[in-house]
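Okay, structure first, notes after.
Bear in mind the structure is a predicted one, so any value in this text is a computation, not a measurement.
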Amino acid sequence: QVQLVESGGGLVQAGGSLRLSCAASGRTLSRYAMGWFPQSPGREREFVAAISWRGGNTYYSDSVKGRFTVSRDNAKNTVYLQMNSLNPEDTAVYYCAMGGSGSLYYPASYTDWGQGTQVTVSS
């Protein structure tokens, strides 16, 4: 019905940058809020960034505010996460999520998830 495919992850040195992409199929991305949730081994998925469908408002966790930027390209049905000034603490599998109801800060608010893309930041 809907598929989210993340890409753009990789290995980068501390202080470097990556741009993650999340392409949606089977559903118009512009009609849904989109979030980014990294997950490290043994940890729960944590909110870092989201963008609402109504108004295009963006939201960030304190840990990434000023470093990460979430955006969407409706023509490409894709959401992006630009990550700058990366730290080793940012290392995780990054999942994009398509939203349903509720606060965008919580994973439970989202109904569909991608397969994740690995981001590794070396010190």
Side-chain angles (χ1 to χ4, degrees):
Q1 185 177 25
V2 62
Q3 185 176 15
L4 304 175
V5 180
E6 300 97 332
S7 62
L11 176 64
V12 64
Q13 293 182 346
S17 299
L18 286 172
R19 172 169 283 182
L20 306 183
S21 299
C22 177
S25 62
R27 189 180 298 172
T28 301
L29 181 148
S30 63
R31 299 293 304 276
Y32 297 86
M34 300 293 294
W36 286 97
F37 293 82
Q39 184 172 26
S40 300
R43 304 284 185 87
E44 300 294 326
R45 294 184 185 184
E46 300 284 347
F47 166 85
V48 293
I51 183 168
S52 67
W53 72 269
R54 180 176 291 175
N57 300 313
T58 56
Y59 308 87
Y60 302 96
S61 68
D62 290 339
S63 65
V64 307
K65 191 174 299 181
R67 299 189 297 120
F68 290 10
T69 303
V70 62
S71 62
R72 69 199 312 158
D73 186 334
N74 292 335
K76 297 181 178 180
N77 214 32
T78 300
V79 65
Y80 302 95
L81 184 67
Q82 177 67 48
M83 304 185 294
N84 299 325
S85 301
L86 285 164
N87 304 314
E89 292 77 15
D90 297 318
T91 295
V93 177
Y94 281 71
Y95 296 88
C96 71
M98 181 171 286
S101 61
S103 172
L104 301 183
Y105 293 98
Y106 304 122
S109 298
Y110 299 84
T111 59
D112 297 278
W113 296 81
Q115 85 290 344
T117 185
Q118 177 69 51
V119 172
T120 303
V121 184
S122 62
S123 60

### Message
Quick check: closest heavy atoms across Arg54 and Asn57, and the distance to 0.1 Å?
### Response
O-ND2, 3.9 Å
### Task
Answer whether the closest heavy-atom distance between the side chains of Ser7 and Thr117 falls below 4.5 Å.
no
### Message
Donor-acceptor pair, distance only, cut-off 3.5 Å: does the side chain of Asn77 make one with the backbone of Arg27?
### Response
yes
### Task
Compare all side-chain heavy atoms of Cys22 with those of Tyr94 and state whether any distance is below 4.5 angstrom.
no
#### Entry: ring-ring contact (aromatic ring centres under 6.0 Å, His included) partners of Tyr105, counting only residues at least two apart
Phe47
### Message
Starting from Leu104, can I reach Tyr32 by hopping between I/L/V/M/F/W/Y residues whose side chains sit under 4.5 Å apart?
### Response
no
### Task
Answer yes or no: is there a side-chain heavy-atom contact under 4.5 Å between Leu86 and Gln13?
no
### Query
Arg72 side chain to Ser52 main-chain N or O, any donor-acceptor pair under 3.5 Å?
yes
### Query
Hey, are the side chains of Tyr95 and Leu4 touching, using non-hydrogen atoms and a 4.5 Å cut-off?
no
### Query
Do the non-hydrogen side-chain atoms of Met98 and Met34 ever get within less than 4.5 Å of each other?
yes
#### Entry: Short side-chain to backbone donor-acceptor contact, Gln39 and Ala92, under 3.5 Å
no
### Query
To the nearest 0.5 Å, how far apart are CG in Asn84 and OG1 in Thr69?
6.5 Å
### Task
State yes or no: do Val79 and Val48 share one hydrophobic cluster built from I, L, V, M, F, W and Y residues joined by side-chain heavy-atom distances below 4.5 Å, directly or via other members?
yes
#### Entry: Atom of Val93, atom of Gly116 and distance for their closest heavy-atom approach
CG1-CA, 3.7 Å
#### Entry: Considering all heavy atoms, the nearest Thr78-Lys76 contact
OG1-O, 2.9 Å
### Task
Test Asn87 against Arg67 for side chain to side chain contact (heavy atoms under 4.5 Å, CB included), laying out the working first.
CA-CA 10 Å; Asn87 304 314; Arg67 299 189 297 120; 3.6 Å; yes
### Where Ser17 and Ser85 come nearest, the two heavy atoms and their spacing
OG-N, 4.3 Å
### Message
Would you say that Tyr60 contacts Val70 through its side chain, given a criterion of any heavy-atom pair below 4.5 Å between the two side chains?
### Response
yes
### Query
Are Val12 and Val64 connected, step by step, through hydrophobic side chains (Ile, Leu, Val, Met, Phe, Trp, Tyr) whose heavy atoms are closer than 4.5 Å?
yes
### Task
State whether the side chain of Gln115 and the backbone N or O of Glu6 hold a donor-acceptor pair below 3.5 Å, judged by distance alone.
yes
### Query
Under 3.5 Å, is there a donor-acceptor pair between the side chain of Thr91 and the main chain of Ser40?
no
### Min side-chain heavy-atom separation Asp90-Met83 under 4.5 Å
no
### Message
Using ring centroids (six-membered ring only for Trp), state whether Trp113 and Phe37 fall under 6.0 Å.
### Response
yes
### Message
One pair to check against side chain to side chain donor-acceptor pair (under 3.5 Å): Ser61 and Ser63. What are the steps and the verdict?
### Response
CA-CA 5 Å; Ser61 68; Ser63 65; 3.1 Å; yes
### Task
Spell out, yes or no, whether Tyr80 and Tyr59 are grouped together once hydrophobic residues are joined by side-chain heavy atoms under 4.5 Å, including indirect joins.
no
### Task
Report yes if some heavy atom in the side chain of Leu29 is under 4.5 Å from a heavy atom in the side chain of Trp53; otherwise report no.
no
